Protein chains: 2
Amino acid sequence: VTLAGFSSRWVEQPAHVTELDPVALPEGFRAAGVAAGIKPDGLDVALLQSTGPAAASAARFTTSALRGAPVIVSQDARLDALRAVLVSSGNANVADGARGLETARAAQGEAARALGLRPEEVGIAATGVIGRELPRARLLAGVAEAASALGADAEAFCDAIMTTDRGPKRACLEVSLAGGRVRLAGQAKGAGMMAPAFSATLICVVESDVRVDAGTLDRLLDGATRRSFDRITVDGQLSTSDTLFLLAGGASGLSVEPGSEDERRLGAALIALMRTLALEVVRDGEGAHRVGRIVVRGPDRLVEPVARAVADSPLVKTALHGADPNFGRILQAAGQAMAAAGERIDASFPVDLRIEGRPLVRAGVVTDLDPDVLADLEQAVSGVEVDYELDIPGGAAEAELFFSDLGHGYVSLNAEYTT
Amino acid sequence: VTLAGFSSRWVEQPAHVTELDPVALPEGFRAAGVAAGIKPDGLDVALLQSTGPAAASAARFTTSALRGAPVIVSQDARLDALRAVLVSSGNANVADGARGLETARAAQGEAARALGLRPEEVGIAATGVIGRELPRARLLAGVAEAASALGADAEAFCDAIMTTDRGPKRACLEVSLAGGRVRLAGQAKGAGMMAPAFSATLICVVESDVRVDAGTLDRLLDGATRRSFDRITVDGQLSTSDTLFLLAGGASGLSVEPGSEDERRLGAALIALMRTLALEVVRDGEGAHRVGRIVVRGPDRLVEPVARAVADSPLVKTALHGADPNFGRILQAAGQAMAAAGERIDASFPVDLRIEGRPLVRAGVVTDLDPDVLADLEQAVSGVEVDYELDIPGGAAEAELFFSDLGHGYVSLNAEYTT
């Protein structure tokens, strides 16, 4: 898996945005990744520091009732004024009680000590197996080593946050503002246990060298999350450890004022960046090869549950895997979700369905499928991206969701390994 | 797949019940299965007739907003007084508009004509691909042929209702009542698109030669469905075509009065029969090899969504497939469902989890897992049935759910074939 950049038709590249080397960082940021022995091999402790003159930040976390210790500790930090982020991989530090919380606090404290910060200025995250003790001494040694290895790019940082990912997910954009150019970079990980809910993804860190107040940053993060990580699913499984940090250090010397044209430009760039990273996560869904997009239009109360039901249906996902234009399974999933949402059941089910722009179902009735139509349709769904549109009468709301296919790789990865 | 009978530890055999030849029928019932060319090969039209002196019946159907034409037509029949059931396989007759409804009514009418009944005395069902035209002429010819082939056992009937099933699912019980013995038999099909909701399964027909009023029959069916087909899931996907018929023909000459000890005995036998058939369906879940049972105890508003979340989690199901005692994924699914059900999020998540009776999590904290404990646990989850128990403080409600594993077979079956 290599960076998609703007290769997906589902991500618009704003005119004022250009791509830089994907592992580049904004001015004033340093990062590192080291091997601390939490994983059997490979890098597993990642550290990022903001050294710029300002310190504004925003964050989002899993909405699960079961949260990892790093999430609980981070939620007590100064989330509007973070200066560093520590991420470890291989062990999520979940369900380990007081011992797990102590380990999370010790790691936060060690990072603060090594970087000359206060503990509450360090956001932390962890990803990996649930329900095992995270080896504290190894983690603390890794933090100290990472602090002494901080460098100008995010390459090792990206490697050190991965678990079942096939490859790193990162991008760096240059954004033209009225007074000059700033950078916006992001690093994400995630492949399974992936259905971020309301402003979170497994792990994603976004940095900028712009100077902007934390309230504006929070608002921008909200808008971008709702158009990116909130709109993806691999397996419908909300993680215990979803964490998203956005840091702005101000090292570029350029400021963005609330309500300005520059805020709009920065927001559009943030959406493009986070949509790109979110699509990378779906494309790297465990064992996945293909990405589907379902767009549901109709009554406000129906569009979201119907889109989720289609995107998380194992029947739809296996059909996507097999390049099978199985519209019957889309209708079945929609029928189940509409009933669950309290929709009245009557003999008619007047939905319209298009796959790759081809109208297949009109007012609930499948159009006649002659061999030419079927052959064309089969060709159309054989690409790496497949587009589904479902229209339900009675409203003008819209929900969009990106989802991965379900193939043998997902089964192998999750049946044969403890993740 | 062969009949489980009472081989599962999760089905109790009542003392007043014995097993007969599983393809046997109660007195006064005849059945047939023929090949009509709806499937590429094999039997695909199944007919069953009740010739007894009485005609009491009860039925349940899918609760999806998208219903197949046979469901819509059956729901207009005399569901309390059916004398015949027609099932076809290979094509579910869904989303074909007026043409599909006409085909369903024509098939009902042809069965009635051939058996000398009124159309409203015939319940119909169909299973198979969604969104394709069901060939009407073939179906009608098959109905006529089946009507002339009716015989004393359910063997061909069972074969003719299968789609992706690996084998038939049927049982026949002898039930001792105060005045003598009656029979209770059932035939079911189903392997995928399987998450019956509120009193339905894909296709199941149950017959008895007892004489009992339709109201009592409906009450007994309600209790048995809530302990059998409502408690299973293969892939969380509610079908468009779930249909369950229960017919009592009275040919045994024995009557069951409402509120009597005999009603209790008949009800216990019906639960045993339907639980056996429901477990057969889970065991034959598409590509499945193993069956899990999750029992959740706790607050009323939480037990059902948490049990569903665990049973339908692809992470839990792949772990079951791989004989991996991955309790972390059980906790993750529970945390997601509890949050979705509005549970307050705080640092503690005080659940208890046992797998095969072994306490692994106490008050939200994983017990220390030394190598001996892990080895014992891995041995314990290597059988064909695995038992999970989750206790949530704050209530005494209980939800039980049976689920299949998720393996390569499910992916192959659903990615490589249009079903």
Side-chain angles (χ1 to χ4, degrees), chain A residues 63-67 72 92 94-97 101 129-132 192-193 195 197 235-240 313-315 318-319 321-322 324 326-329 331-336 338-339 343-345 347 349 360-361 363-366 369 406-408 410-418, chain B residues 63-67 72 92 94-97 101 129-132 192-193 195 197 235-240 313-315 318-319 321-322 324 326-329 331-336 338-339 343-345 347 349 360-361 363-366 369 406-408 410-418:
Chain A
T63 55
S64 174
L66 172 61
R67 291 168 300 154
I72 295 168
V94 176
D96 197 30
L101 282 169
V129 69
I130 294 174
R132 299 290 168 88
M193 200 178 284
D235 52 13
Q237 298 306 297
L238 174 63
S239 167
T240 58
S313 159
L315 292 171
T318 45
H321 181 72
D324 173 4
N326 198 315
F327 47 86
R329 297 178 184 174
L331 298 181
Q332 171 264 321
Q336 176 172 12
M338 287 167 67
E343 190 68 357
R344 196 172 68 85
I345 297 175
F349 183 77
L360 293 172
V361 177
V365 180
V366 177
L369 297 170
L406 171 59
H408 291 290
Y410 186 90
V411 173
S412 293
L413 204 55
N414 285 299
E416 291 152 29
Y417 304 97
T418 293
Chain B
T63 54
S64 175
L66 172 61
R67 292 169 299 156
I72 295 168
V94 177
D96 196 30
L101 282 169
V129 68
I130 294 175
R132 299 290 168 87
M193 200 178 282
D235 53 13
Q237 300 304 298
L238 173 63
S239 166
T240 57
S313 159
L315 293 171
T318 46
H321 181 72
D324 174 3
N326 198 315
F327 47 85
R329 296 178 184 173
L331 298 180
Q332 170 264 321
Q336 176 173 11
M338 287 167 66
E343 190 67 357
R344 196 173 67 87
I345 297 175
F349 182 77
L360 292 172
V361 177
V365 180
V366 177
L369 298 169
L406 171 59
H408 290 290
Y410 185 90
V411 173
S412 293
L413 204 55
N414 286 299
E416 290 151 30
Y417 304 97
T418 293

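This structure is a prediction, so every number in the text was calculated from the model and none was measured. Atoms considered below: every heavy atom in the structure, side chains included; atoms not considered: hydrogens, waters and symmetry mates.
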Pick from [options] with the largest number of heavy-atom pairs that fall under 4.5 Å of chain B:
| options | value |
| --- | --- |
| A:V411, A:V366, A:V365 | A:V411 |
| A:G97, A:A319, A:G322 | A:G322 |
| A:A92, A:A334, A:P314 | A:P314 |

Between [atom1] on residue [X] and [atom2] on residue [Y], distance to nearest 0.5 Å:
| X | Y | atom1 | atom2 | answer |
| --- | --- | --- | --- | --- |
| A:F327 | B:I130 | CZ | CD1 | 9.5 Å |
| A:F349 | B:I72 | CZ | CD1 | 11.0 Å |
| A:H408 | B:S412 | NE2 | OG | 3.0 Å |
| B:L369 | A:R132 | CG | CZ | 6.0 Å |

So which heavy atom on B:A339 is nearest to which on A:A65, and how close?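 For B:A339 versus A:A65, the nearest heavy atoms are CB-N, 3.5 Å.
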
Region of A:L331 in contact with chain B, defined by heavy-atom distances below 4.5 Å: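 Contact with chain B involves both backbone and side-chain atoms of A:L331.
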
